[in-house]
2 protein chains.
Amino acid sequence: MRVAFVGLGTMGFPMAGHLVRAGFSTTAFNRTAATAARWAEEHSGRIAPSPAAAATEVDVVCLCVGADDDVREVVLGADGVLGALRPGAIIVDHTTTSAELAEEIAARTAEVGVGFVDAPVSGGEAGAMAGRLSIMCGGDPETIERARPVLAAYGATITRIGPVGSGQLTKMVNQILVAGAVEGAAEAINFAIAAGLDTDLVLSAVAGGAANSWYLANRGQTMVRDEFDFGFAVDWMRKDLRICLAEAGRRGIPLPMIELAERDLAAAQADGEGGLDTTVVIRQRRRATRPGGAGGEVSPAS
Amino acid sequence: MRVAFVGLGTMGFPMAGHLVRAGFSTTAFNRTAATAARWAEEHSGRIAPSPAAAATEVDVVCLCVGADDDVREVVLGADGVLGALRPGAIIVDHTTTSAELAEEIAARTAEVGVGFVDAPVSGGEAGAMAGRLSIMCGGDPETIERARPVLAAYGATITRIGPVGSGQLTKMVNQILVAGAVEGAAEAINFAIAAGLDTDLVLSAVAGGAANSWYLANRGQTMVRDEFDFGFAVDWMRKDLRICLAEAGRRGIPLPMIELAERDLAAAQADGEGGLDTTVVIRQRRRATRPGGAGGEVSPAS
């Protein structure tokens, strides 16, 4: 099977590499040519000068770009993949986008006999490197089954949730859960530090029970150490939560906790921290914590 | 070693039973005499007519009552344990209270040579039944070491965090984390249902990654099924979050997400749901979700 991969960012770079390793004839495109050249060198893959050139004569095109408008550009634009694809080919979009964008693209691809699957992922850079992503798919079952061997190159679990758009809606559910865990960890760890507790002891005491989460287990120590130069960037998380809020607004679904989380992320961006891991929002709590609060007198732990 | 246990509630009833099974000479007191009689029958334990009577000639008194005022009453009241204890005895308080209460009681016990440990627990009713609680201790190291064999009867991990009060502060950290996970799960699962997604598929797709938490793994399915007649009651969780907010207020620590969670719990109480599991707050989101929102037209998943 011949495959194209468009978008060699933090996630796409290793994902496209897994395609080569899995034996697929793989052609990649990336907007920044230097990154494409580095990918071709590292993975012995082929690169193309445009999305359309990458997609010529392939069976499946995978996309992993930035946001809704980037997907429109690489699919529907002048050099977009749709103009180059044969009927029967499939576009799999790993970008986290709105559900409406997925429906819009699916309608356009259907006009020319091309299949579409919205397939956002979770697992982060580490999951992409290890080829152990969780892939949440929306699309018709037959199209997803035909694409499955390609997705299996970097997906540990590949779940069809429902029709086009439902992969994106599931990613929104995922990000709402993540935001709750991050807000909880940020308030809890800032509280622990401000109360003068030994955070190593506190984290080990609470980690085994109902307070635990992936974020506490994997980011608790880095939050304590004020380390944020890795992980999932504030800029991306805010983009994702704004997608959640727009979708929720259309459907009349209240998300007050997500509104709070989105404000924290916006404040982090305003403080120049957009490129740091999303757990850096703990600094929004810390900055608002009164130095030398009255509590210094009322508790022996401080 | 002779032990007294005051407070045979959901947690205390099985905890005191573990003391008998571990071979400690155990005398229990409970305000509702019928519960005490049932405990004595089930666990072949001794019961006493007052906290003071239970504490006479014992080495360690464990408390697990409702809130700050209950602890004051059973320790310092007319029939309280402090009047009956010998110098060198130890009071271990498993109640979730303010850190100030712990300091207040410790100061009073120190006047008569009695030790004090604040030792709130996590692990819930299931952890108490299984004797697998996590116990977060504040107190001087020597006192905690002397009490440790007693705590080991129902504690899987027994951690000294720091001086008196730090057990309670750690429990506050625990509850802040729990509240974040519950708020996230409530907003995410309500969103998934309102968007028309297959919740079984969604939960399995997101459970393996960064969105996971103890609450998602252990309460996600019950939230979907609208089952709340078990677990950790809204009334208790709200009491705990109010303790967090009071402590944070004294110290100048911002907890906006906890303020939101506390409002949700208050609304659940107002709806007559105070006795249900804390995850019932998903209904606060559901009640605010617009039936037949415009999203019905814009997404094929609904």
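Keep in mind that this is a model prediction, so the values were computed, not measured. In what follows, every chain begins at residue 1, and chains take the letters A, B, ... in the order their sequences are listed.
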Checklist entry - Do A:N212 and B:Y215 touch side chain to side chain, with heavy atoms closer than 4.5 Å? => result no
Checklist entry - Does CZ in B:R108 sit with more than 12 non-hydrogen atoms of other residues, nucleotides or ligands closer than 6.0 Å? => result no
Checklist entry - Is the side chain of B:T289 donor-acceptor paired with the backbone N or O of A:I253 at a distance under 3.5 Å, no angle test? => result no
Next on the checklist: Could you tell me if the side chain of B:M257 sits less than 4.5 Å from the side chain of A:M257, heavy atoms only?
Outcome noted: yes
Next on the checklist: Shorter than 4.5 Å, heavy atoms on both sides: which option in B:I135, B:V182, B:V173 has the most such pairs with chain A?
Outcome noted: B:V173
Checklist entry - Looking at B:G180, B:S213, B:A211, which makes the most heavy-atom pairs under 4.5 Å with chain A? => result B:A211
Item to check | Contact origin within A:L260 toward chain B - heavy atom pairs under 4.5 Å | outcome: side chain
Item to check | Over 12 non-hydrogen atoms of neighbours within 6.0 angstrom of CZ in B:R132 | outcome: no
Item to check | chain A interface, residue from B:K171, B:R160, B:E187 that has the most non-hydrogen pairs under 4.5 Å | outcome: B:E187
Item to check | Flag side-chain contact, heavy atom, 4.5 Å: A:I258 against B:F191 | outcome: no
Checklist outcome for this item: Most contact-rich option vs chain B, by heavy-atom pairs under 4.5 angstrom, among A:G127, A:A181, A:G184, A:A179, is A:G184
Checklist outcome for this item: Ranked by heavy-atom pairs below 4.5 Å to chain A, first place among B:I158, B:D198, B:I161 goes to B:I161
Item to check | A:T170 side-chain N/O to B:V202 backbone N/O, donor-acceptor pair under 3.5 Å | outcome: no
Checklist entry - Do A:S122 and B:V206 touch side chain to side chain, with heavy atoms closer than 4.5 Å? => result no
Checklist entry - Who wins among B:T157, B:V178, B:L177, B:L133 for the most heavy-atom pairs under 4.5 Å with chain A? => result B:L177
Item to check | Distance in Å, B:W214 CH2 paired with A:L216 CG, rounded so as to fall on 0.5 Å steps | outcome: 14.5 Å
Item to check | Heavy-atom check, side chain of A:P256 versus side chain of B:R285, under 4.5 Å | outcome: yes
Checklist outcome for this item: Minimal heavy-atom distance between A:M136 and B:A205, with the atoms involved, is CG-CB, 4.1 Å
Item to check | B:T159 side, atom OG1; A:D200 side, atom CG - distance, nearest 0.5 Å | outcome: 12.0 Å
Checklist outcome for this item: In terms of heavy-atom pairs under 4.5 Å with chain A, the winner among B:A186, B:P254, B:G209, B:A288 is B:P254
Checklist entry - CG/A:L197 to CE/B:M172 distance, rounded to the nearest 0.5 angstrom? => result 9.0 Å
